[in-house]
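Only one structure is covered here, and it is reproduced in the block below.
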Amino acid sequence: MKTNVKTLIAGNWKMYKTLAQAEKLADRLADRLADKLPADREVLLLPPFTALGAVAFSLKDANRFLLGAQNFYPAQEGAFTGEIAPFMLQDLGCTHALAGHSERRHVLGETDGLISRKVAFGLQAGLHMILCIGETLDQRKQGKVEHVLKGQLLLGLTEAKDAAVAPETLSIAYEPVWAIGTGEVAKPSDILSAHAVIRKTLEEMFLDCGGKIRILYGGSVKPDNAAAILCLDNVNGVLVGGASLQDDSFAAIAAAV
Ligand code: PGA
């Protein structure tokens, strides 16, 4: 199934890029993709917090480029040292944000409970939320892929579902942990079966609206595998890490057909 929303090509810059490097990358991407982005696509850049303002400025005249944050704290404001609130990100031009990325789950110790609060709070604040889910290699070897994906979806979306927020402002990114930053991309059959489980679960949770939620694939997406991944059933975009840090590779992925 292909949703009727635009395919999303998202670049997660993680903890990379100085201000000058971020500006240069955003400028080059806007330039390279000005007349090469297929009509049904949008590009989302997720720079580090420190570069959001500069990238917003670089993208101000770029069509179909969106700006997002890699993280935030789910509160309006308050005594949360070191944290950043959704409205501060929106102030800088962010319309999207990630939650549940495997590095935040496994390196920073984020729980499904916190991730669920972030998804619900972000949606209520007016951000388009991208909930990342995915199994570890051990879980895959133990045949637990479906169980893990369903569990992370149900737990990650509990509060959003209770708050009855608009599901079309939500995307899910399937990112098998073993494929992130490893050069090991999931096989088309693995992507197809994982995305089918996710679609079915979304339809059970959100009925018809579950069919409109974008499902992105992430994990070692590169220019030479992007087209084959993007044409798979229930793949509505990609979330790119390493290959989003260079303008030539990310532009090639965004334009891949
Ligand atoms: P990768 O990262 O493309 O470098 O595997 C993907 C991600 O972390 O979102």
Side-chain angles (χ1 to χ4, degrees), residues 7-17 21-22 25-26 29 41-49 51-52 55 65-72 94 96-110 115 118-119 122 127-137 139-140 145 148-149 152-153 156 170-188 190-191 194-195 198 213-230 232 235-256:
T7 298
L8 186 66
I9 311 291
N12 174 11
W13 295 2
K14 306 193 181 186
M15 200 172 74
Y16 291 100
K17 304 292 176 192
Q21 290 167 340
L25 178 54
L29 285 171
R41 295 212 183 150
E42 292 175 324
V43 174
L44 169 66
L45 301 185
L46 300 148
F49 290 132
L52 282 169
V55 173
F65 270 81
L66 305 162
L67 186 66
Q70 298 170 24
N71 185 37
F72 62 79
C94 287
H96 288 58
L98 298 182
H101 190 280
S102 76
E103 286 146 19
R104 297 212 61 87
R105 290 178 191 265
H106 299 291
V107 183
L108 283 306
E110 284 195 11
I115 293 163
K118 287 188 182 185
V119 174
L127 287 169
H128 182 123
M129 290 302 301
I130 303 176
L131 169 64
C132 306
I133 60 173
E135 81 286 357
T136 62
L137 191 55
Q139 291 167 329
R140 173 162 284 269
V145 176
V148 170
L149 297 182
Q152 289 180 345
L153 270 180
L170 177 70
S171 299
I172 307 298
Y174 169 56
E175 298 204 301
V177 179
W178 48 271
I180 297 180
T182 58
E184 192 152 343
V185 68
K187 292 199 291 288
D190 296 333
I191 300 176
H195 282 225
I198 295 168
I213 297 174
R214 277 192 289 219
I215 309 175
L216 318 179
Y217 169 78
S220 298
V221 176
K222 303 277 181 272
D224 60 358
N225 59 28
I229 293 171
L230 283 166
L232 295 173
V235 172
N236 313 115
V238 284
L239 178 53
V240 187
S244 72
L245 296 172
Q246 305 294 334
D247 61 294
D248 52 353
S249 51
F250 191 60
I253 291 170

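Every number for a ligand or one of its atoms is a count from 1 in the order of the listing. All residue numbers in this chain count up from 1 along the given sequence.
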Please evaluate residues L45 and L25 with respect to the criterion side-chain contact (heavy atoms from CB on, under 4.5 Å), reporting the C-alpha separation (whole Å), side-chain torsions for both, the decisive distance (0.1 Å), and the verdict.
CA-CA 10 Å; L45 301 185; L25 178 54; over 6 Å; no
So, does R41 use its side chain to make a donor-acceptor pair with the main chain of A254 at under 3.5 Å?
yes
Considering only heavy atoms of L239, which atoms of ligand 1 have at least one such atom less than 4.0 Å away?
9 (O)
For a 4.5 angstrom cut-off between non-hydrogen side-chain atoms, does D190 reach P176?
no
Here the atoms of ligand 1 under 4.0 Å from any heavy atom belonging to G181 are 1 (P), 4 (O), 5 (O)
Atoms of ligand 1 less than 4.0 Å from G219 heavy atoms?
5 (O)
Backbone, side chain, both or neither: what part of A243 comes under 4.0 angstrom of ligand 1, heavy atoms only?
neither
Taking 4.0 Å as the limit for heavy-atom contacts, which would you say applies to N12 with ligand 1: side chain only, backbone only, both, or neither?
side chain
With no hydrogens and no angle check, is any side-chain donor or acceptor of N12 less than 3.5 Å from a backbone partner on G241?
no
Polar contacts were defined as any N/O atom of the residue lying under 3.5 Å from an N/O atom of the ligand; does this apply to G241 and ligand 1?
yes
Does N225 use its side chain to pair, donor to acceptor, with the backbone of S220 at less than 3.5 Å?
yes
N/O to N/O below 3.5 Å, does that happen between G218 and ligand 1?
no
Within ligand 1, which atoms have a heavy atom of E175 less than 4.0 Å away?
6 (C), 7 (C), 9 (O)
Quick check: do S249 and K222 have side-chain heavy atoms less than 4.5 Å from each other?
no
Between V240 and ligand 1, is there a nitrogen or oxygen pair with a distance under 3.5 Å?
no
Heavy-atom proximity to atom 8 (O) of ligand 1, best of K14, Q70, E103, E184
K14
Indicate yes or no: at least one non-hydrogen side-chain atom of L8 is less than 4.5 angstrom from one of I130.
yes
Taking C-beta and beyond as the side chain, do E103 and Q70 meet within less than 4.5 Å on heavy atoms?
no
I'd like to check which ligand 1 atoms, numbered from 1 as shown, lie under 4.0 Å from a non-hydrogen atom of H101.
7 (C), 8 (O), 9 (O)
Against heavy atoms of A179, which atoms of ligand 1 measure under 4.0 Å?
5 (O)
Heavy atom of the protein closest to atom 4 (O) of ligand 1 (residue, atom name, distance):
G242 N, 2.8 Å
Between R105 and E175, is the closest basic N to carboxylate O distance under 4.0 Å?
no
Answer yes or no for S220: is there a heavy-atom contact with ligand 1 below 4.0 Å?
yes
